[in-house]
Amino acid sequence: MKPVPHIAALAPYALADLAPELTSLAQNESLRPPSPKVTEAVQMALAETHLYPDPDWTELRSVIAQVHSISADHILCGAGSMELIGALASSYLGAGDRMLTTEFSYLFFRTATQLSGAEFDLAPEHDLTVNVDALLDSVRPNTKIVFVANPGNPTGTRIETPALRRLRDGLSKDVMLVIDEAYGEFSDALSESTFDLVDQENTAVLRTFSKAYGCAGFRVGWGLFPPPLAAEMRKVLNPNNVSNVSQAATAAAMRDQTYMLETVRKTTEIRDHFITEMRALNLTVPDSFANFAILVFDTAEHAQAADQALRADGIAMRAMGGYGLAHCLRATIGDEQTMQRAAACLKSFMGGAT
Ligand SMILES: Cc1ncc(COP(=O)(O)O)c(C=O)c1O
């Protein structure tokens with residue numbers, strides 16, 4: 001049996017290299033479990049698991065809509081935002097079409113494009129930061145979708161709101177712009193909301209419960225879509241894509257904004273302290289607006305040796321070779337104790353005082 005050629009040509013999607021004994025700072029998960037209210041909601045939902053879940057995510061959509069002051073009718077939920085990225089690509093990209101993203105953007109944008117039989121282009125970034133002019137210059141006649149993550153993964157850097165609006169204005173109306181705000185909660189205090197851009201019929205904004213809400217294991221993402229786009233995507237999404245336990249859990253997580261904001265506060269405080277320590281070791285670390293930081297070493301060999309030293313001390317960061325950044329490691333911000341261990345290990349590795 002032969003798979004279709006564009007699937008046969010694909011390498012399996014690369015996840016973090018994690019052994020069970022390692023503490024993971026490799027997957028940008030939250031530094032703490034979700035709100036205790038999530039546990040209560042899960043207990044209640046367990047009594048309903050003989051039934052299929054609500055295919056319209058009614059309660060979850062209504063809570064999201066309330067918190068973000070947007071219309072519930074235009075929200076879709078997915079089994080992680082990965083499912084929504086995949087559905088966007090399979091609804092709007094096919095053989096002969098091109099997707100445009102940036103040099104160091106989230107790799108799944110590319111995978112989803114290739115799964116649809118389309119091809120992608122990468123616009124250069126400057127200092128690990130998205131450059132809107134470079135993106136606009138890279139649009140081709142058959143570019144159908146532009147994907148940007150804001151803040152970016154793996155860079156942690158951010159596109160400021162005026163630049164993002166300039167990107168939308170500079171793209172032709174028949175090019176779809178997808179703004180993936182998986183880490184948006186970590187930079188909401190600095191950014192204007194982009195949900196109003198969705199009124200333009202050719203823009204979608206994605207969010208997830210996997211990061212600031214600490215619900216990665218529930219696999220729930222959501223997005224705001226123009227209605228015609230949402231109608232097409234519904235055809236592609238698994239009709240029972242989010243379990244009733246996951247719907248109840250994430251609705252409870254969204255209701256507890258105080259808890260989520262406290263997670264963001266703790267994370268950014270630990271992150272900024274960690275970045276200061278890393279810069280003191282002469283590593284280059286761009287300012288991060290997410291729950292991770294990218295550490296830039298002088299060579300790929302140096303980054304690889306640092307990764308080995310961390311692993312020997314029981315900590316797994318994310319090697320960045322797959323992103324074309326083999327001289328970097330991406331450090332998810334864990335709890336204070338774990339970050340102190342990571343910092344001490346890197347200090348000793350770099351030959352500084354411990
Ligand atoms: C930029 C970005 N988008 C989307 C995702 C996928 O998140 P989810 O867990 O919602 O599928 C990630 C996960 O790391 C991410 O970094």
Side-chain angles (χ1 to χ4, degrees), residues 13-18 24-31 34 57 60 64 75-89 99 101-113 115 120 122 125 128-130 145-159 164 177-188 191 194 204-224 233 237-238 241-243 246-247 249-250 253-254 260 267 288-294 316-320 322-323 325 328 330-334:
Y13 190 71
L15 290 170
D17 174 16
L18 286 175
S24 168
L25 296 180
Q27 302 206 98
N28 296 347
E29 293 146 331
S30 172
L31 50 62
W57 325 283
L60 176 56
I64 295 171
I75 294 170
L76 294 178
C77 299
S81 48
M82 287 177 98
E83 191 192 16
L84 299 171
I85 294 166
L88 277 162
M99 181 279 286
T101 187
T102 60
E103 196 177 0
F104 305 122
S105 66
Y106 181 46
L107 286 184
F108 191 67
F109 300 152
R110 304 176 202 183
T111 306
T113 301
L115 287 171
F120 61 81
L122 302 176
E125 297 197 18
L128 299 174
T129 304
V130 169
I145 306 189
V146 176
F147 272 103
V148 288
N150 195 31
N153 173 20
T155 60
T157 58
R158 152 176 182 263
I159 312 169
L164 201 57
L177 174 64
V178 181
I179 306 167
D180 177 347
E181 299 184 342
Y183 303 93
E185 289 80 6
F186 294 98
S187 67
D188 272 346
S191 313
T194 51
V205 177
L206 306 180
R207 291 233 165 181
T208 182
F209 285 95
S210 299
K211 310 299 176 186
Y213 289 97
C215 290
F218 288 112
R219 307 301 305 122
V220 188
W222 62 277
L224 190 68
M233 287 181 58
L237 295 174
N238 178 333
N241 61 351
V242 183
S243 76
S246 291
Q247 292 192 38
T250 48
M254 175 75 48
M260 183 278 285
T267 307
S288 167
F289 298 91
N291 68 338
F292 56 88
I294 192 160
M317 288 186 183
R318 188 70 169 261
M320 293 279 100
Y323 283 87
L325 292 167
C328 299
R330 191 192 65 197
T332 301
I333 302 305

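Heavy-atom basis, side chains included; hydrogens, waters and symmetry copies ignored. Numbering of ligands and ligand atoms starts at 1, following listing order. One is the number of the first residue; the rest follow in order along the sequence.
Annotation: M82 places an N or O atom under 3.5 Å from an N or O atom of ligand 1; distance criterion only. No N or O atom of Y106 sits closer than 3.5 Å to an N or O atom of ligand 1. For S81, a nitrogen or oxygen atom sits less than 3.5 Å from a nitrogen or oxygen atom of ligand 1, counting backbone and side chain alike. Residue Y183 places at least one N or O, backbone or side chain, under 3.5 Å from an N or O of ligand 1.
A 4.5 Å side-chain heavy-atom check between F108 and Y13 finds at least one atom pair inside the cut-off. In this structure the side chain of N28 never reaches within 4.5 angstrom of the side chain of R318, judged on heavy atoms. Within the 4.5 Å cutoff, the side chain of F292 has heavy atoms near those of the N153 side chain.
Residue-level proximity to ligand 1 for R219 is carried by the side chain, the only part with a heavy atom below 4.0 angstrom. Contact annotation: for N28 versus ligand 1, there are no heavy atoms closer than 4.0 Å.
In this structure, L237 and A87 approach most closely via the heavy-atom pair CD2-CB, 3.7 Å.
Counting only heavy atoms of the protein, atom 13 (C) of ligand 1 lies nearest to K211 NZ, 3.2 Å. The nearest protein atom to atom 1 (C) of ligand 1, hydrogens excluded, is given as D180 OD2, 3.5 Å; this is a heavy-atom distance.
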